[in-house]
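To start, the structure under review is shown below, and the notes come after it.
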2 protein chains.
Amino acid sequence: MLKYQQIATEIEKYIEDHALQQGDKLPVLEKLMAQFDVSKSTITKSLDLLEKKGVVFQVRGSGIFVRRHKRKGYISLLSNQGFKKDLEEFTITTEVIELNVIKPSEEVALNLNIKADDDVYSVKRVRYINGQTLCLEESFYNKAIITYLNKEIVSESIFHYIREGLGLKVGFSDLYLHVDMLTEEEAGYLGLKQGMPKLYVETVFHLTNGQPFDFSKITYNYEQSQFVIQADSHFL
Amino acid sequence: MLKYQQIATEIEKYIEDHALQQGDKLPVLEKLMAQFDVSKSTITKSLDLLEKKGVVFQVRGSGIFVRRHKRKGYISLLSNQGFKKDLEEFTITTEVIELNVIKPSEEVALNLNIKADDDVYSVKRVRYINGQTLCLEESFYNKAIITYLNKEIVSESIFHYIREGLGLKVGFSDLYLHVDMLTEEEAGYLGLKQGMPKLYVETVFHLTNGQPFDFSKITYNYEQSQFVIQADSHFL
DNA sequence: CAGTGGTCTAGACCACGGG
DNA sequence: CCGTGGTCTAGACCACTGA
C-alpha cells in the first residue's frame with residue numbers, strides 16, 4: 001500500500017476512533033509531516049484524498065477540519081457500488097433470480113462496447129436491506145473480461161470477487177438516474193404496487209484502462225431509497 | 001488563475017475544440033511538460049483535476065485518455081448546482097414565487113446551523129427547462145452571510161451573485177436524495193398530478209471555511225429528471 | 001503580521017502495460 | 001525491456017485567515 005493511502009487510512013481511523021465531529025481541527029501540516037515522517041506533498045496528497053472522500057475539508061490560512069454529514073440511515077450513492085461495506089448498520093442480503101450466459105441486446109452491446117455475438121453474463125438479483133426489498137438489479141458482464149461467475153459468487157459481493165478473485169482493477173463509472181413509475185414486473189419483485197414511484201439507475205463500470213465490463217440497471221424501492229452524496233466544489 | 005487550473009482549462013478546451021472522443025489519447029506527460037513549460041507535478045495536478053471532473057482518465061504505463069459519457073440530454077447532478085452553465089443546449093428560466101426574510105423553522109435552523117431568532121432569506125422558485133417545468137425549489141440563506149438579495153438577483157443565478165457580487169467562496173455540499181410522490185401543492189406548481197413520482201433533493205451548501213449558508217429543498221418533475229454522475233473509484 | 005495551507009520546481013526512483 | 005504514468009522528497013515562495 002502506498003504511503004499516502006496508508007496515512008489517509010490512519011487519519012480516517014483516528015477520526016473514527018475519537019469520534020471527531022464536523023468542524024473539529026486536525027493537527028497542522030507540520031505536525032503531521034513530523035508524525036508520519038514524510039514530506040509535505042505526501043501529507044497533502046493524503047488530505048486531498050480524504051477531502052475527495054468527504055472526510056475532511058482544508059481551509060487555507062486556517063487549518064484542516066473534519067467533515068461529517070448529519071443524518072443517519074442514508075446510503076452513500078457513490079461509495080463505489082456494492083454499498084456492501086457502507087456501514088454495518090445495514091444488513092444487505094441478496095436473492096439471485098437468474099444467472100445466464102447470453103448474447104447481448106443492442107442496448108447492452110452498446111453500453112459494454114461489444115459486438116452482438118460476444119458473450120455476456122446476465123445476472124438478475126433482488127437485494128434486501130434489513131429484510132425489506134431494496135432494489136431489483138439486472139447486470140450484464142462482458143464475459144471476455146469477467147471470465148467466470150457462479151451462483152455463489154453472485155450471491156455475495158461481485159465486486160470483491162472481481163478485484164480479489166480476478167485481480168482486475170475497477171476504474172470509473174457513469175451513472176444515469178431517472179425517476180419513474182414501477183412496471184408490474186418490477187412491482188412484483190419489490191413487493192410494491194404498479195405505478196408507484198421508483199428510482200431507476202443505469203450504471204456503466206469501467207476498468208482503470210477504460211474498458212467497460214459491467215452494465216447494470218437498478219430499480220430501487222422508493223421507501224428504502226435515501227441517498228447521500230458528499231460533493232466537492234473544487235471543480236467549477 | 002493558477003497555473004494548473006489554467007492548463008486544465010486549456011486541455012479541456014483542446015478536447016472540446018477537436019471533438020475528441022472517449023479513448024482518444026492525449027500527448028504523453030513529457031510532451032505536455034514541454035508544451036506548457038511546467039514541471040511534472042503541475043501537469044499531473046492539472047490532469048488530476050480533469051480526472052475528477054470526468055474529462056480524462058489516466059492509465060499508468062499506457063497514457064492519458066479522453067473520457068466521455070454517451071447519452072445526450074442528461075443534466076449533471078454534481079456540476080456544482082445552478083446547472084445554469086451545463087450545456088447551452090438547455091434553456092433554463094426561473095419564476096420567482098416568493099422572496100422574504102423570515103425566522104427559520106427548526107429544520108432550517110438545524111441545517112444552516114443557526115439559532116431560532118437569526119434571519120434567513122426564504123426563496124421559492126419554479127424553474128423551467130425549454131419551457132417545461134423542471135423543478136420547484138425552496139431555498140433558505142443565512143442572512144448573516146448572504147446579506148442582501150432582491151427579486152432580480154434571485155431570478156438569475158444566485159450562485160454567480162454569491163461568488164462575484166459578494167465575493168464569497170463556495171466550498172462543499174451535502175445532497176440528500178429521496179424518491180416520493182407529489183403532494184397536491186407541488187403537483188400544482190409543476191403542472192403534474194398529485195401522487196405522481198418526484199425526485200426530492202435537499203442540499204446544504206457550505207463556504208470553503210465550512211459554514212453552511214444555503215439549505216435548499218428541490219422537487220423535480222420526473223419527466224425532465226434525467227441526471228448523470230461521472231464517478232471516480234479512486235477512493236475505495 | 002504570524003500561522004497555516006497551497007503552489008511549483010527539479011529530480012530520483014518506482015510500477016505498470018504492452019510489445 | 002521500453003515507454004509511460006505515479007510516488008516521494010526537500011525546499012522556495014505565495015496567499016489566505018484571523019487575532
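In what follows, chains are A, B, ... by sequence order, proteins preceding strands, each numbered from 1. Source: prediction; values computed, not measured.
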Which sits closer to the 5' end of DNA chain D, B:Glu30 or B:Ser41, going by the nucleotide each is nearest to?
B:Glu30
How do A:Ser39 and B:Thr44 order along DNA chain D: which one's closest nucleotide is nearer the 5' end?
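On the 5' side of the pair lies B:Thr44.
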Using a strict 4.0 Å threshold on nitrogen-to-oxygen distance, state whether A:Glu137 and A:Arg125 make a salt bridge.
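Salt bridge present between A:Glu137 and A:Arg125.
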Closer than 4.0 angstrom, basic N to acidic O: yes or no for A:Lys70 and B:Asp174?
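Between B:Asp174 and A:Lys70 there is no salt bridge, as every charged N stays at least 4.0 Å from the carboxylate O atoms.
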Letter by letter from the 5' end, nucleotides 13-19 of chain D scores (B base, S sugar-phosphate only, - none; protein heavy atoms under 4.0 Å) --BBB--
Presence of B:Lys3 side-chain N/O under 4.0 Å of C:dT9 phosphate oxygens OP1/OP2:
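Answer yes for this pair, as a side-chain N or O of B:Lys3 is under 4.0 Å from OP1 or OP2.
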Under-4.0 Å side-chain N/O to phosphate OP1/OP2 contact, B:Tyr4 with C:dT7:
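Indeed, a polar side-chain atom of B:Tyr4 lies that close.
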Nearest nucleotide by nearest heavy atom, which residue falls closer to the 5' end of DNA chain C, B:Thr42 or A:Ile64?
A:Ile64
Flag, side chain of B:Asp24 to backbone of B:Gln21, donor-acceptor distance under 3.5 Å
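Between the backbone of B:Gln21 and the side chain of B:Asp24 there is a qualifying donor-acceptor contact (under 3.5 Å).
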Can you tell me if B:Gln22 uses its side chain to pair, donor with acceptor, with the backbone of B:Arg68 under 3.5 Å?
yes
Taking side chain as C-beta onward, heavy atoms only, is B:Val38 less than 4.5 Å from B:Tyr4?
no
To the nearest Å, how far apart are B:Ile43 CD1 and D:dT4 P?
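From B:Ile43 CD1 to D:dT4 P: 15 Å.
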From CZ of B:Phe36 over to P of C:dT7, roughly how many Å is that when rounded to an integer?
18 Å
Kindly indicate, with the supporting measurements, whether the criterion side-chain hydrogen bond (donor to acceptor under 3.5 Å, both in side chains) is fulfilled by A:Gln211 and A:Asn113.
CA-CA 8 Å; A:Gln211 265 187 93; A:Asn113 200 25; over 6 Å; no
